[in-house]
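Just the heavy atoms: all of them, side chains too, but no hydrogens, waters or symmetry mates, feed the values below.
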Amino acid sequence: MTRTVYVNGQYLPEHEATVSIFDRGFLMADGVYEVTSVLDGKLIDFDGHIKRLHRSLSELDVAAPCSDEDLVAMHRELVALNNIDQGMIYLQVTRGNPGDRSFVFPPADLPPTIVAFTQDIPNLADAPAAKTGFRVISIPDLRWDRRDIKTVQLLYPSMGKMAAKKAGVDDSWFVEDGAVTEGTSNNAYIVKGNRIITRQLSTDILHGITRVAVLRFAAEAQFEVEERPFTIEEAQNADEAFSTAASIFVMPVVEIDGKPVGTGKPGPVAQRLRELYLDEMRKAAI
């Protein structure tokens, strides 16, 4: 069945949707994006995603393409038009189409390009991987230094995913100056006793929307949260490890560089946080 997608104010069949070859998102990766989960036909943590979108746009001096109310309406319309019960909505905003290629930014009044599309994932909340856990490898973090901006510059994370696939595992964790930064498309955590340890916010990592909610639920559940760097060796010797993102919620990590973490199976802390996250986010969905 053909999806209906959104391009610059129009809802179109996906095969009719086009963006100019001169768009700076295509030529310069000059754009940002957000991915919002859909559960039970409702948007998960949408306010957080919109706030981060505005932050990313501001950091790049790109104008907001429309009002927040229009963004909510557009997302809901895409859910309805594509009959999405569980899945994702990808939203991308670029600096627009200046009509030719140049390293210099075009005039500030150039209209941004905005596109969005759905991905139907019927088992998103009940993903089989959550029951078995992810296996990850570590690779050097060779990305640019503004990882806090959610840009469409995703070539190296994509290479990290392919390195993991080649190694026969699920994901890669990036390592810089001896410490883990994050996963290819997720934030990284370890568990020691009652402590949940994750790298502190900075320009080194993406400010995950799921991260914010999970850490809040962890604190409310009386876990101690410690924000600091940790090493691969420390992670391998932890009681548990896990990753978070809008696409995986809370995903147990059971093996790092070939060494089992804890029992080598999803641990009780990660499983509990996943349950809390899904329960609370469903209640707050719009």
Side-chain angles (χ1 to χ4, degrees), residues 5-7 19 23-38 43-68 70-72 74-75 78 87-96 105 112-119 121 124 141-161 171-174 176 180-189 198-216 227 243-251 277 281:
V5 303
Y6 179 91
V7 181
V19 175
D23 192 272
R24 285 183 60 89
F26 174 65
L27 293 177
M28 303 285 184
D30 189 358
V32 302
Y33 75 103
E34 285 291 334
V35 178
T36 301
S37 304
V38 177
L43 307 174
I44 299 297
D45 216 346
F46 192 69
D47 185 58
H49 287 288
I50 293 305
K51 287 179 179 177
R52 186 173 62 184
L53 174 69
H54 283 303
R55 182 182 184 277
S56 294
L57 291 170
S58 177
E59 291 295 312
L60 297 182
D61 292 325
V62 176
C66 58
S67 70
D68 291 355
D70 287 341
L71 286 174
V72 173
M74 178 263 280
H75 278 68
L78 284 175
M88 317 289 296
I89 300 180
Y90 178 92
L91 168 70
Q92 180 170 303
V93 181
T94 78
R95 201 178 302 273
F105 286 179
T113 296
I114 175 171
V115 301
F117 57 83
T118 59
Q119 293 177 292
I121 310 173
L124 183 64
D141 197 338
L142 303 180
R143 299 171 297 165
W144 79 319
D145 288 337
R146 290 305 308 274
R147 302 153 196 164
D148 56 308
I149 308 173
K150 196 170 178 69
T151 73
V152 296
Q153 299 180 53
L154 295 174
L155 179 57
Y156 191 68
S158 181
M159 293 171 69
K161 291 282 190 188
D171 199 14
S172 295
W173 276 8
F174 295 132
E176 185 174 60
V180 174
T181 49
E182 56 191 344
T184 58
S185 58
N186 45 69
N187 293 122
Y189 311 73
T198 190
R199 194 179 184 98
Q200 71 276 18
L201 294 180
S202 68
T203 59
D204 295 337
I205 66 170
L206 181 68
H207 297 192
I209 303 306
T210 307
R211 177 188 186 277
V212 173
V214 168
L215 292 184
R216 182 174 77 250
E227 296 183 70
S243 297
T244 66
S247 58
I248 57 174
F249 306 125
V250 179
M251 181 61 65
Y277 180 85
M281 287 294 101

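- Ion pairing between a basic and an acidic side chain is recognised when a charged N comes within 4.0 Å of a carboxylate O; Glu182 and Arg211 show no such pairing.
- A pairwise comparison of heavy atoms in Leu124 and Ser247 identifies CD1-O, 3.5 Å as the closest pair.
- Side chains of Lys161 and Thr184: a donor-acceptor N/O pair is present below 3.5 angstrom, by distance only.
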Stepwise side-chain contact (heavy atoms from CB on, under 4.5 Å) check, Asp30 with Phe105: CA-CA 10 Å; Asp30 189 358; Phe105 286 179; 4.1 Å; yes
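- Judged as a side chain to side chain donor-acceptor pair (under 3.5 Å), and not counting sequence neighbours, the contacts of Glu34 are His49, Arg52.
- Counting only distance, with no hydrogens or angles, the side chain of His207 and the backbone of Ser202 share a donor-acceptor pair below 3.5 Å.
- Nearest heavy atoms, Ala245 versus Ser185: CB-O, 3.4 Å.
- Shown here for Arg95 and Leu60, the closest heavy-atom pair between the two residues is NH2-O, 2.8 Å.
- For the pair Met159 and Leu142, the minimum side-chain heavy-atom distance is 4.5 Å or more.
- In this structure a side-chain-to-backbone donor-acceptor pair under 3.5 Å is present from Ser37 to Ala246.
- Remark: Trp144 CH2 to Gln153 CD distance equals 5.0 Å, nearest 0.5 Å.
- With values rounded to the nearest 0.5 angstrom, Tyr189 atom OH is found 9.0 Å from Glu227 atom CD.
- Atom-to-atom distance recorded for Leu53:CG and Gln92:CD is 11.0 Å, nearest 0.5 angstrom.
- Summarising the geometry, atom CD1 belonging to Ile209 is positioned 9.0 Å from atom OG1 belonging to Thr36; distances are rounded to the nearest 0.5 Å.
- The residue from Thr244, Leu215, Asn187 that alone fulfils the side chain to side chain contact (heavy atoms under 4.5 Å, CB included) condition with Thr210 is Thr244.
- Two residues are said to be in side-chain contact when any heavy atoms from C-beta on lie closer than 4.5 Å; Met251 and Asp171 fail this criterion.
- The structure places CE of Met281 at 4.5 Å from CG of Asp45, a figure rounded to the nearest 0.5 Å.
- Under the 3.5 Å distance criterion, the side-chain polar atoms of Arg147 are matched with a main-chain donor or acceptor of Asp204.
- Here the side chains of Leu71 and Ile114 are in contact, with some heavy-atom distance below 4.5 Å.
- With a 4.5 Å cut-off on side-chain heavy atoms, Asn186 and Trp173 count as touching.
- Note: Ile89 CD1 to Leu78 CG = 5.5 Å, rounded to the nearest 0.5 Å.
- Aromatic ring pairs are classed by plane angle as parallel below 30°, tilted from 30° to 60° and perpendicular above 60°; the pair Phe249 and Tyr277 is tilted.
- When all heavy atoms are compared, the tightest approach of Pro112 to Ala63 is CG-O, 3.3 Å.
- Residues Val62 and Val32 are not in side-chain contact: their nearest non-hydrogen atoms beyond the backbone lie 4.5 Å or more apart.
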side-chain contact (heavy atoms from CB on, under 4.5 Å) between Phe26 and Val19, worked out: CA-CA 9 Å; Phe26 174 65; Val19 175; over 6 Å; no
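- Formation of a donor-acceptor pair under 3.5 Å by the Thr113 side chain with backbone atoms of Thr94 is not found in this model.
- Between the side chains of Thr203 and Asp145, not a single donor N or O lies within less than 3.5 Å of an accepting N or O.
- Residue pairs meeting the salt bridge (Lys or Arg N to Asp or Glu O under 4.0 Å) criterion with at least one partner in residues 56-68, sequence neighbours excluded, are Glu59-Arg146.
- Val180 places none of its side-chain heavy atoms less than 4.5 Å from the side chain of Arg199.
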Verdict with reasoning, Val38 to Ile44, per side-chain contact (heavy atoms from CB on, under 4.5 Å): CA-CA 6 Å; Val38 177; Ile44 299 297; over 6 Å; no
